[in-house]
Visitor: 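Please find one structure pasted underneath; my questions will follow.
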Amino acid sequence: MPNRFEEAAKKAAQTTDDQLKDELNQIKEQNRKKLNELIPTLNTKDKKAFNELIKLVNADTDMDEKLAGVHDSLKSVFGMSLKILKVLV
């Protein structure tokens, strides 16, 4: 028996996700501008350290995005599995 609030909850969650994504994109853009203003003031040693840090951050971000994709896939598979089990039981 489906929950009568399930569809509304999904819509609300998607709306919240969209709003948070917009907010994060705005923050990222502001931070990118600030970094671009800061970079010319760094000395050579600091620029090397900064570039290494950016590589690490990008690598971690890529991994986090891949893990989020795996999480979403597993969540979908488990959701379908539960629905199938409900039908079979």
Side-chain angles (χ1 to χ4, degrees):
M1 179 173 160
N3 183 333
R4 65 182 178 145
F5 299 111
E6 186 174 356
E7 190 61 34
K10 285 181 183 179
K11 286 180 183 178
Q14 186 59 50
T15 300
T16 301
D17 289 348
D18 292 342
Q19 290 171 342
L20 288 174
K21 186 167 74 171
D22 290 343
E23 289 289 324
L24 287 173
N25 285 334
Q26 289 176 5
I27 291 169
K28 283 181 4 185
E29 186 60 34
Q30 289 173 0
N31 287 341
R32 188 172 291 124
K33 287 178 185 176
K34 289 177 184 177
L35 280 174
N36 288 336
E37 292 170 3
L38 176 66
I39 290 172
T41 66
L42 298 175
N43 63 38
T44 305
K45 185 178 178 183
D46 288 341
K47 282 183 184 178
K48 287 180 184 177
F50 175 79
N51 287 331
E52 289 300 315
L53 176 62
I54 292 300
K55 286 179 188 176
L56 291 172
V57 169
N58 287 336
D60 284 348
T61 300
D62 289 343
M63 181 57 75
D64 288 346
E65 288 173 350
K66 288 175 185 175
L67 288 173
V70 168
H71 175 265
D72 290 344
S73 296
L74 289 174
K75 187 175 169 183
S76 176
V77 168
F78 286 131
M80 283 188 272
S81 299
L82 286 175
K83 288 177 183 176
I84 292 170
L85 284 174
K86 286 180 183 179
V87 170
L88 295 174
V89 174

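Just so it is clear, the structure is predicted and the values come from calculations on it, not from any experiment. This chain uses plain numbering: 1 for the first residue, then up along the sequence. Only heavy atoms go into these numbers, but all of them, side chains included; no hydrogens, no water, no symmetry mates.
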Visitor: Within the supplied structure, the quantity of interest is the number of heavy atoms (other residues, nucleotides, ligands) at a distance under 6.0 Å from K83 NZ; does it exceed 12?
Guide: no
Visitor: Do K10 and E7 sit within salt-bridge range, that is, some charged N less than 4.0 Å from a carboxylate O?
Guide: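 E7 and K10: not salt-bridged.
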Visitor: How long is the span from the CD atom in E37 to the NZ atom in K34, to the nearest 0.5 Å?
Guide: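 One finds 9.0 Å between CD of E37 and NZ of K34.
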Visitor: Taking atom types as modelled, find out whether N25 and E29 have a side-chain donor-acceptor pair closer than 3.5 angstrom.
Guide: no
Visitor: Taking atom CG of L56 and atom CG of N51, what is their separation to the nearest 0.5 Å?
Guide: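 Rounded to the nearest 0.5 Å, the CG-CG separation comes out at 11.0 Å.
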Visitor: I need the K21 NZ to Q14 CD distance, nearest 0.5 Å.
Guide: 7.5 Å
Visitor: Would you mind reporting whether E23 and Q26 have side-chain heavy atoms less than 4.5 Å apart?
Guide: yes
Visitor: Between K55 and E52, does any side-chain N to carboxylate O distance fall below 4.0 Å?
Guide: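 The answer is yes: the pair qualifies as a salt bridge.
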Visitor: Is a side-chain N or O of S81 found less than 3.5 angstrom from the main chain of V77, in a donor-acceptor match?
Guide: yes
Visitor: CG/N31 to CG/L24 distance, rounded to the nearest 0.5 angstrom?
Guide: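 That separation rounds to 10.5 Å.
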Visitor: Taking F78 as the starting point, is it possible to reach V70 by hopping between hydrophobic residues whose side chains are less than 4.5 Å apart?
Guide: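 Looking at the clustering, F78 is in the same group as V70.
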Visitor: Between CG of L67 and CG of D72, what distance do you get to the nearest 0.5 Å?
Guide: 11.0 Å
